[in-house]
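Before any comments, here is the structure.
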Amino acid sequence: MQAKNIWPPWKQIALLFMLCGIGLIIGSFVSAGIAIFFFHVPISELSEALKSPKHATVLKIMQVVSSFFAMGLPAFLFGLIRQKKDAFGVLGFNKAISGKQFFIVVLMGIAGLFIGGALSELNSLIPISKNATQFFEKLESEYNEQVFALANMKTNVDFIIALLVLALAPALFEEMLFRGSLQPVFIAASRNAFMGILWTSLIFSAIHFSWYGFLTRLFLGILLGYVFYMSKNIWLSVALHFFNNTVGVTQLYALSKAGMLNDEAMKDHFPIYYGILGAVILIVLFINFKRESELVLSTHNIMKNKYIE
């Protein structure tokens, strides 16, 4: 369904960022309220309380709530403004999907792991100043502390809950925001698919506040962007995103059970030639994915829509 051209693209981007900002503020208050209710500690002590593994369940609830308000809800409202009758359709939720597409996406995820690991290694080789190194290492350490608190998984039930909270929820809400909402508007603004996907991916990587994972997440954003751009179906980019997150959660689960969860174990570095091999495989997969996506779109009679690129 064709979405309404409500405003020029850059005004739409400003509107979306405003919705995200409001959602972030509301989500922060709701999350803080949840923490205060369960922890019974002053706001000044919340930060330390959240680092404790024994509070992992509450922290997971807060994670989902904050992601919903900061990303999922703004994306839905943005879709609603663009097309009241089919807000989810505008975001790319449709039935134009095939089993072959899904299978190729999983293979893309596997190839992407090798590329991401190689890019992580490349990222670590980029020279930066001593002050910048200290700053980014501090951010990385703080991020890992939060991950360790969330990754307190001792049983299979803990693992399944973690998959829902740390893998599925972020995959769904982030794809709604970045691929379903922001990417089409950036493409319209730049009048160039690659530039629109690149700008979206840069922001996607930057909001994770990780220098050492910047290139890896930038690559993931571009990969997700082209999956959505070619298929016009957000379920496929959610599936790929979920696969990527699931690999990370499974690694955390294995390390947690083995008592080896530490900063060093969190580093995923592969030799550069792994990335080159992965890139060759990925190109072949994309050729087949593009062909299958065109067939699926033609079968479902989904017309090209610059708002659902």
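Residue numbers count from 1 along this sequence.
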- Could you walk me through whether I161 and V157 pass the side-chain contact (heavy atoms from CB on, under 4.5 Å) test, one step at a time? CA-CA 6 Å; I161 293 173; V157 174; 4.0 Å; yes
- Query: M71 and I207: side-chain contact (heavy atoms from CB on, under 4.5 Å), yes or no, with the steps?
  - Reply: CA-CA 12 Å; M71 299 183 187; I207 66 156; 3.7 Å; yes
- Item | Audit row: L80, V90, side-chain contact (heavy atoms from CB on, under 4.5 Å) steps and yes/no | CA-CA 8 Å; L80 199 62; V90 168; over 6 Å; no
- Determine, stepwise, if the pair K130 / T133 fulfils side-chain contact (heavy atoms from CB on, under 4.5 Å). CA-CA 5 Å; K130 183 177 180 180; T133 299; 5.5 Å; no
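Using a 30° and 60° split on the angle between ring planes, F76 and F88 fall in the tilted class, from 30° to 60°. Ring pair F214/W211 is parallel by interplanar angle, where below 30° counts as parallel and above 60° as perpendicular.
The shortest distance between side-chain heavy atoms of F178 and F173 does not fall below 4.5 Å. Contact check for F114 versus I281: no side-chain heavy atoms found under the 4.5 Å cut-off. L16 has its side chain out of reach of V185: every pair of non-hydrogen atoms, C-beta onward, lies at least 4.5 Å apart. Between F204 and L220 the shortest side-chain heavy-atom distance falls below 4.5 Å. Residues L223 and N244 have side chains not in contact (no heavy-atom distance under 4.5 Å, counting atoms from C-beta outward). S293 is listed as a side-chain neighbour of Q101, based on a closest heavy-atom distance under 4.5 Å. Within the 4.5 Å cutoff, the side chain of F228 has no heavy atoms near those of the T200 side chain. Looking only at side-chain heavy atoms (C-beta outward), F135 and N131 stay at 4.5 Å or farther from each other.
Nearest heavy-atom pair across S181 and M176 is OG-O, 2.9 Å. Across all non-hydrogen atoms, the minimal contact from C20 to L177 is SG-CD1, 3.5 Å. Minimum interatomic distance between G109 and F243 (heavy atoms only, all atoms of both residues): C-CE2, 3.3 Å. Of all the heavy atoms in N94 and K232, the pair that sits closest is ND2-O, 2.9 Å. Considering all non-hydrogen atoms of both residues, L240 and M108 come closest at CD1-C, 4.4 Å. For the residue pair N233 and K95, the shortest heavy atom distance occurs at ND2-C, 4.3 Å.
For Q183 (side chain) and G225 (main-chain N/O), a donor-acceptor pair under 3.5 Å exists by modelled atom type. Between the side chain of S205 and the backbone N or O of S201, no donor-acceptor pair lies under 3.5 Å. Put simply, the side chain of S67 never gets that close to the backbone of V64: no donor and acceptor are under 3.5 Å apart. A donor-acceptor pair under 3.5 Å links the side-chain atoms of N288 to the main chain of V284, judged by distance alone. Side-chain atoms of S298 never come within 3.5 Å of backbone atoms of L295 as a donor-acceptor pair (strictly under, hydrogens ignored). Panel note: side chain N123, backbone T216; no donor-acceptor pair is recorded below 3.5 Å. Remark: the backbone N or O of F242 is paired with a side-chain donor or acceptor of T246 at under 3.5 angstrom. Panel note: side chain S120, backbone G116; no donor-acceptor pair is recorded below 3.5 Å.
Residues passing the side-chain contact (heavy atoms from CB on, under 4.5 Å) test with M195, sequence neighbours excluded: S190, N192, L198, W199. Residues satisfying the side-chain contact (heavy atoms from CB on, under 4.5 Å) criterion with Y226, sequence neighbours excluded, are F194, I197, I222, Y229, M230, F286.
Clustering ILVMFWY residues whenever any of their side-chain heavy atoms sit less than 4.5 angstrom apart, transitively, puts I25 in a cluster other than the one holding I34. A single hydrophobic cluster is not seen to contain both F209 and Y212; linkage of ILVMFWY side chains at heavy-atom distances under 4.5 Å, directly or through other members, places them apart. Linking Ile, Leu, Val, Met, Phe, Trp and Tyr whenever their side-chain heavy atoms come within less than 4.5 Å puts I110 and F270 in one cluster. Cluster annotation: L252 and L168 are assigned to distinct hydrophobic clusters (Ile/Leu/Val/Met/Phe/Trp/Tyr, side-chain heavy-atom contacts under 4.5 Å, transitive). Using a 4.5 Å cut-off between side-chain heavy atoms of Ile, Leu, Val, Met, Phe, Trp and Tyr, with links allowed through other members, V280 and V105 fall into different hydrophobic clusters.
Distance check: S66 OG to I61 CD1 gives 12.0 Å after rounding to the nearest 0.5 Å. The CG atom of L236 sits 13.0 Å away from the CZ atom of R179 when rounded to the nearest 0.5 Å.
Side-chain polar atoms of S98 and E292 form a donor-acceptor pair below 3.5 angstrom.
Y274 OH: 12 or fewer foreign heavy atoms inside a 6.0 Å radius.
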